[in-house]
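Here is the structure we will look at, set down as structure tokens.
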Amino acid sequence: MTTATRQEVLGLYRRIFRLARKWQAASGQIEDTIKERQYILNEARTLFQKNKNLTDADLIKQCTDECTARIEIGLHYQIPYPRPIHLPPMGLTPLQGRGLRSQEKLRRLSKPVYLKSHDEIS
């Protein structure tokens, strides 16, 4: 990992912790705020621990892009949880046939950047 990449990753980690410290739940209730702050901290720790041994620059870039997207989406919608995607079953048309395996592949490929690691840790 280069020095610039390391600084970028550590900067994102600090940004998440600052965000968690200042986070206010949209409902305005203290219990919800505490629960959402704890979720932000646990999610950040889990994902950063899981990815701490990555050495491939492309994978690191993909993870930082996901992190940035999740921060921006969380701030915009005022929810710390990843926004789910809604695709009806067999809703993606494959190039040839409508096999289940090709549907699963198309579903994986159509997953937004901010949900790439969500299913892996849930």
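The analysis underlying the following values was restricted to heavy atoms, covering all of them including side chains, and did not include hydrogens, waters or symmetry mates.
- Within the model, atoms CD1 of Ile73 and CD1 of Ile79 stand 9.0 Å from one another, a figure rounded to the nearest 0.5 Å.
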Show your reasoning for whether side-chain contact (heavy atoms from CB on, under 4.5 Å) applies to Arg45 and Phe17. CA-CA 10 Å; Arg45 284 187 187 116; Phe17 275 79; 3.7 Å; yes

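- Sparse packing is recorded around CZ of Arg6, with 12 or fewer heavy atoms of other residues, nucleotides or ligands lying under 6.0 Å away.
- The structure places CZ of Arg37 at 8.5 Å from CD1 of Ile40, a figure rounded to the nearest 0.5 Å.
- We find the CD1-SG distance between Ile16 and Cys67 to be 3.5 Å, quoted to the nearest 0.5 Å.
- At least one donor-acceptor pair under 3.5 Å links the side chain of Thr33 to the backbone N or O of Ala25.
- Once rounded to the nearest 0.5 Å, the distance linking SG of Cys63 with CG of Asp58 reads 11.0 Å.
- The distance from the CG atom of Asn51 to the OG1 atom of Thr46 is 10.5 Å, given to the nearest 0.5 Å.
- In this structure, Lys22 does not pair ionically with Glu36, as no charged nitrogen and carboxylate oxygen lie closer than 4.0 Å.
- Residue Leu75 comes nearest to Gln78 through the heavy atom pair O-NE2, 3.1 Å, listed as atom of the first residue, atom of the second, then distance.
- Side chains of Asn42 and Gln38: a donor on one and an acceptor on the other come within 3.5 Å.
- Residue Leu47 is not grouped with residue Leu10 when hydrophobic side chains (ILVMFWY) are merged at heavy-atom distances under 4.5 angstrom, including chains of intermediate members.
- Criterion: ILVMFWY side-chain heavy atoms under 4.5 Å apart, direct or through other members. Under it, Leu59 and Val9 are part of a common hydrophobic cluster.
- Within the model, atoms CZ of Phe48 and CD of Glu43 stand 10.5 Å from one another, a figure rounded to the nearest 0.5 Å.
- With contacts defined as side-chain heavy-atom distances shorter than 4.5 Å, the pair Ile71/Leu12 qualifies.
- For the residue pair Pro80 and Tyr39, the shortest heavy atom distance occurs at O-CE2, 3.5 Å.
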